[in-house]
Amino acid sequence: MNETGETALLPENYSDKVFAILLGLADGATHARDDIDPGATEILPLYLADGLLEALEWAHDGVASDEAACMWLAALRGYRKITGSFPERTPEPLGRWIDKEFSNVEIFEKIHDGDPQNLAGLDSPDMGQPGRPTGAGADSTGVLPRAAATALLARVPLGTTETLARSAAFLTHDAQAAKTAVAAAKIIRSAMERSEASAGEWAALLDGLEGPSADALREVATKIGENISLSGQEAYDAYFGEQAAEPAGDSDVEAAPAAAAEEAAVRDPEVDAYAVALLAAVYGTEAVGERPASALDDIISELHDRWMALLV
């Protein structure tokens with residue numbers, strides 16, 4: 001983590017935004033599924049964040065580490081949490097604090113599925129990387145939430161953020177998705193550093209990107225950017241189409257089909273997890289202030305505290 005390049009100052013509300021982004025990853029996925037049980041969508045990014053945390057711990061002790069390898073080993077532990085076992089022929093890394101904490105999380109029905117490519121890409125004896133992807137040709141929205149997690153690292157050159165996001169994407173996907181993941185991480189980082197003022201930068205970061213993950217990222221950035229002047233809670237409601245009801249004098253005839261269409265639409269937890277993380281990067285905890293409690297709250301609080309202890 002010692003590349004040369006542009007380095008930003010630590011925002012005054014950095015701690016609040018880190019906490020809000022971690023909460024947002026869980027909240028966005030839960031909101032999309034309309035179910036309180038956690039899912040693979042938010043579990044994997046939290047594990048990858050712990051992988052980065054482990055790399056930071058090694059660095060704090062003066063020991064060099066491979067951040068991509070730390071994220072891969074963390075993702076394998078996340079795979080085990082989701083499926084019950086490690087992938088065949090892969091290393092079986094020792095458990096960390098997050099594994100113990102996850103064992104205490106009560107699951108009422110099941111761990112909900114996320115992007116299937118995330119698990120498919122990890123089901124390989126080798127770590128996915130440029131030139132040797134385990135998800136050859138794969139491009140899907142599963143790279144977006146983890147991109148938000150890789151953007152959390154403060155006071156590093158922008159090139160480091162790009163490298164981490166690319167490495168995290170290549171664990172399961174291929175080059176096109178990795179390009180989108182880099183843009184997604186840079187958008188989160190810009191929002192953390194410049195809040196509402198960052199929205200004008202997002203379109204340029206998306207320029208030239210193609211594919212399913214890019215289309216989803218572009219839609220999120222556009223929708224949030226259009227409502228950037230709202231308060232955090234209002235922007236959250238606007239993203240999910242949950243604005244206040246129309247005045248009583250307005251007709252319900254035209255509103256009914258739109259409401260029915262919204263109800264019938266199937267939301268993508270991966271996309272909504274990233275979207276709420278982006279809202280949190282802009283507004284901090286104001287964006288998720290009305291969120292319901294999550295089964296992962298204790299883990300998120302501990303991850304935030306451990307992260308901040310190494311970065312302040």
Side-chain angles (χ1 to χ4, degrees), residues 21-53 71-88 90 92-93 95-96 98-124 127-128 134-135 138-150 152 165 167-174 177 180-181 184 212-213 216-217 220 266-277 291 294-300 303:
I21 289 168
L22 295 173
L23 290 173
L25 289 171
D27 176 77
T30 301
H31 198 144
R33 294 189 303 261
D34 194 22
D35 193 294
I36 62 173
D37 279 340
T41 294
E42 58 270 43
I43 289 174
L44 280 175
L46 292 178
Y47 265 97
L48 260 71
D50 184 57
L52 284 179
L53 176 65
M71 287 191 289
W72 179 50
L73 295 175
L76 293 179
R77 292 186 287 110
Y79 183 105
R80 180 180 62 174
K81 175 61 187 176
I82 294 164
T83 68
S85 62
F86 288 109
E88 294 185 8
T90 63
E92 297 188 4
R96 281 173 51 83
I98 195 171
D99 300 286
K100 181 178 179 180
E101 291 299 324
F102 260 114
S103 69
N104 297 325
V105 173
E106 184 176 5
I107 306 296
F108 292 100
E109 293 185 3
K110 57 170 282 188
I111 293 176
H112 293 285
D113 297 330
D115 181 352
Q117 181 57 38
N118 287 339
L119 295 183
L122 290 171
D123 193 7
S124 168
M127 181 179 76
T134 55
D139 180 9
S140 56
T141 57
V143 297
L144 297 178
R146 76 185 71 162
T150 61
L152 295 178
S167 296
F170 267 111
L171 294 178
T172 56
H173 289 67
D174 210 341
T180 299
S213 60
L217 177 59
V220 166
V266 177
R267 303 196 70 97
D268 184 340
E270 308 285 345
V271 175
D272 286 349
Y274 177 85
V276 180
R291 58 177 287 279
S294 163
L296 304 183
D297 280 359
D298 288 344
I299 293 173
I300 289 170
L303 178 58

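Note that this is a predicted model, so its numbers are computed, not measured. Because only heavy atoms are used, hydrogens play no part in the values below, and waters and symmetry mates are left out as well, while side chains stay in.
For the pair Ala32 and Pro269, the tightest heavy-atom approach, listed with the atom from each and the gap, is CB-CA, 3.6 Å. The shortest heavy-atom contact between Thr90 and Ser124 is CG2-O, 2.9 Å. Listed here is the closest heavy atom pair of Ala273 and Pro145: CB-CG, 4.1 Å. In plain terms, the two heavy atoms of Thr41 and Glu270 that are nearest each other are OG1-OE2, 2.9 Å. Summarising the geometry of Ala148 relative to Tyr274, their closest heavy-atom pair is CB-CD1, 4.2 Å, with the distance given to 0.1 Å. Heavy-atom minimum distance, His173 versus Ala138: CB-O, 3.7 Å.
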Please table the atom pairs, donor to acceptor, closer than 3.5 Å between any side-chain atom in residues 107-115 and protein atoms at least two apart or in another chain.
residue, atom, partner, partner atom, Å
His112, NE2, Asp35, OD1, 3.2
Asp115, OD1, Gln117, N, 3.0
Asp115, OD1, Ser140, OG, 3.4
Asp115, OD2, Ser140, OG, 2.5
Asp115, OD2, Gly142, N, 2.8

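In summary, the side chains of Arg291 and Thr30 do not present any donor paired with an acceptor at a separation below 3.5 Å, with no hydrogens or angles considered.
Two residues are said to be in side-chain contact when any heavy atoms from C-beta on lie closer than 4.5 Å; Thr83 and Leu119 meet this criterion. Residues Asp99 and Tyr47 form a side-chain contact, since some pair of their non-hydrogen atoms from C-beta on lies under 4.5 Å apart. Contact check for Leu44 versus Leu122: side-chain heavy atoms found under the 4.5 Å cut-off. At a threshold of 4.5 Å between non-hydrogen side-chain atoms, the residues Phe86 and Pro93 count as touching.
To the nearest 0.5 Å, the span separating CG on Leu296 from CG on Asp27 amounts to 11.5 Å. In this structure, CG in Asp123 is found 4.0 Å from OH in Tyr79, a value given to the nearest 0.5 Å. Rounded to the nearest 0.5 Å, atoms OG1 (Thr150) and CE (Met71) are 7.0 Å apart. In this structure, CZ in Phe102 is found 5.5 Å from CG in Leu46, a value given to the nearest 0.5 Å.
The 12-atom threshold is not exceeded at CG of Asp34, counting heavy atoms of other residues, nucleotides or ligands nearer than 6.0 Å.
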Original post:
Going through the checks in order, is the side-chain contact (heavy atoms from CB on, under 4.5 Å) test met by Leu23 and Asp297?
Top reply: CA-CA 7 Å; Leu23 290 173; Asp297 280 359; 3.9 Å; yes
**OP:** Start with the C-alpha distance between Ile299 and Val105, add both sets of side-chain angles, then the distance that settles side-chain contact (heavy atoms from CB on, under 4.5 Å), and finish with yes or no.
**Re:** CA-CA 9 Å; Ile299 293 173; Val105 173; 3.7 Å; yes
Original post:
Between Leu144 and Val220, is a side-chain contact (heavy atoms from CB on, under 4.5 Å) present by the stated rule, with each step listed?
Top reply: CA-CA 11 Å; Leu144 297 178; Val220 166; 5.9 Å; no
Subject >> Residue pair Lys81, Ile98: steps toward the side-chain contact (heavy atoms from CB on, under 4.5 Å) verdict >> reply: CA-CA 10 Å; Lys81 175 61 187 176; Ile98 195 171; over 6 Å; no
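A donor-acceptor pair under 3.5 Å links the side-chain atoms of Thr134 to the main chain of Leu171, judged by distance alone.
Under the salt bridge (Lys or Arg N to Asp or Glu O under 4.0 Å) criterion, Asp298 pairs with no residue, sequence neighbours left out. For Asp50, the side chain to side chain donor-acceptor pair (under 3.5 Å) partners are Arg77, Arg96, Trp97, not counting sequence neighbours.
Among the candidates Leu22, Ile21, Leu25, the single residue satisfying the side chain to side chain contact (heavy atoms under 4.5 Å, CB included) test with Ile300 is Leu22.
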